[in-house]
Number of protein chains: 2
Amino acid sequence: MQTVSQNACFGGVQGVYAHTSAATGCDMTFGLFLPAEARSARVPVLWYLSGLTCTHENSMVKAGAQAWAAKAGIALAFPDTSPRGEGVADDEAFDLGQGAGFYLNATQTPWAPHFRMWDYVTEDLPGLLFSEFALDRERQGITGHSMGGHGALTIAMTLPERFRSVSAFSPICNPTASDWGRKQLSAYLGADEAAWAAHDASLLMGERGFDGPVLIDTGTQDQFIDLLKPETLAHAIAARRQRAEFRMQPGYDHSYFFVSTFMQDHVGFHAEALQR
Amino acid sequence: MQTVSQNACFGGVQGVYAHTSAATGCDMTFGLFLPAEARSARVPVLWYLSGLTCTHENSMVKAGAQAWAAKAGIALAFPDTSPRGEGVADDEAFDLGQGAGFYLNATQTPWAPHFRMWDYVTEDLPGLLFSEFALDRERQGITGHSMGGHGALTIAMTLPERFRSVSAFSPICNPTASDWGRKQLSAYLGADEAAWAAHDASLLMGERGFDGPVLIDTGTQDQFIDLLKPETLAHAIAARRQRAEFRMQPGYDHSYFFVSTFMQDHVGFHAEALQR
């Protein structure tokens with residue numbers, strides 16, 4: 001692992017690190033905020049998965065999360081959204097290939113060898129983080145924005161013992177029935193839709209739910225709301241009687257101005273679950 | 001004036017607008033955050049001047065200022081740092097020309113026709129803002145980062161009745177005696193150093209000071225600290241017996257991670273002065 005940068009930030013350190021990932025078979029870069037408390041003890045960690053076109057950097061510099069994480073004494077992990085590099089497949093569209101990993105393990109050509117973001121985020125990067133930094137494996141929460149909200153919800157429901165809490169900002173809620181999903185799931189996983197269900201938050205909510213608190217925020221003026229399909233997830237939450245807070249925030253859109261506005265709520269929500 | 005974008009943000013609106021400036025003779029873009037209170041009354045405004053290479057956008061998306069401005073009910077104005085466009089002179093160096101206006105009126109070729117950022121920030125843009133938005137001309141504060149800290153301090157001391165409070169993050173404090181200053185002042189104002197003194201915060205502090213509270217933050221690990229020369233401003237503040245808080249923040253560097261860390265303090269400092 002290589003240190004790219006470290007900046008003092010809200011009494012702690014905002015670091016950027018690079019490493020070679022066995023999961024994706026390429027170099028990966030991630031951000032990690034450690035609060036002051038991490039100097040003397042292992043601290044809880046909140047994972048933040050980013051959306052389409054983002055790298056590890058967008059949320060790290062635009063969401064204002066460090067202010068609230070520092071107050072709560074929790075770390076923030078910011079993974080990249082896909083494998084990258086010259087030897088890695090890509091597509092001209094912004095919503096496929098590099099920057100658009102969709103947090104799954106691709107099985108199809110040309111994506112299969114590198115696009116293994118599920119393994120990267122759930123195995124490879126956690127292995128590194130808990131070995132190299134003062135993070136408490138027993139106290140993890142996960143959140144994300146848009147494609148990253150999809151990742152947070154699907155990962156949390158599939159690995160229910162790992163995360164105490166899950167939240168999402170304007171998540172892609174029902175990709176098996178949306179143009180933000182069907183295109184990518186067929187490209188990465190093939191035409192057999194049976195393989196897609198494991199990566200649809202609304203279907204997972206209907207089948208398994210989550211054994212902990214859930215918080216979802218979506219803006220009523222989100223310009224992509226027809227692709228996100230929050231109504232499907234809301235229905236599944238209510239039908240399952242899932243403990244959850246599902247909020248439609250009046251006037252907000254899909255931007256980081258929306259994310260930053262409600263970041264204090266989300267960090268506070270996870271901090272409450274993580275500090276028990 | 002043309003609306004480029006408007007995003008709901010912390011209960012208010014983060015807008016970006018473009019207009020043709022008489023001062024700079026070209027199209028200019030600026031950001032303006034209006035808190036919810038601006039829907040029903042004129043609100044105080046805090047000007048934020050940005051540093052080298054920045055546009056109106058950097059601080060607007062990276063400093064986290066809207067969170068605190070919304071709580072305090074004050075607006076934030078984010079001007080650009082220079083004139084821009086194909087007909088506008090530029091230099092290959094990042095610290096001269098476009099993105100590096102230094103908040104002065106250039107008198108020298110090729111800069112003179114467009115590089116009139118002093119007039120833009122003190123006359124042209126205020127004229128537009130107070131005419132188009134619900135801002136209270138009687139309650140203004142000013143801050144900035146690096147070159148923008150230089151701009152905030154020099155403008156506030158030159159127009160003392162306009163601003164109730166002034167602060168700065170890692171300001172260029174003594175440009176007449178620094179490589180961040182002598183190069184630009186000679187290019188924009190010519191070889192006669194007598195014309196430079198009006199744009200040196202330390203000299204202005206020694207000659208006039210500021211009739212109100214002053215807050216300055218600089219990181220002890222600032223990678224540009226030898227160019228900033230905070231020691232000269234600190235000396236001038238103390239020698240003048242200026243009401244001020246001058247802080248060296250241990251471990252922090254020149255980045256927006258530093259700016260965002262102390263933004264709550266700065267907005268709170270101005271809010272106290274503006275709400276009287």
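In what follows, every chain begins at residue 1, and chains take the letters A, B, ... in the order their sequences are listed.
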Q: Select one option (side chain, backbone, both, neither) describing which atoms of A:Q221 are under 4.5 Å from chain B's heavy atoms.
A: neither
**Q.** A:Y256 portion near chain B, given a 4.5 angstrom heavy-atom threshold
**A.** neither
Q: Take the angle between the ring planes of B:H254 and B:H145 and call it parallel below 30°, perpendicular above 60°, tilted in between.
A: tilted
Which bit of [X] is near chain A, if near means a heavy-atom gap under 4.5 Å: side chain, backbone, both or neither?
| X | result |
| --- | --- |
| B:M60 | both |
| B:Q249 | neither |
| B:Q66 | side chain |

**Q.** Side-chain donor-acceptor contact under 3.5 Å, B:H270 with B:S165
**A.** yes
Q: Would you check if there is a donor-acceptor pair between the side chains of A:N58 and A:S50 at a distance under 3.5 Å?
A: no
(Q) Side chains of B:S260 and B:F258, heavy atoms from C-beta outward: is any pair under 4.5 Å? (A) no
Q) Can a salt bridge be assigned to the pair B:D27 and B:R84 using a cut-off of 4.0 Å between side-chain N and carboxylate O? A) no
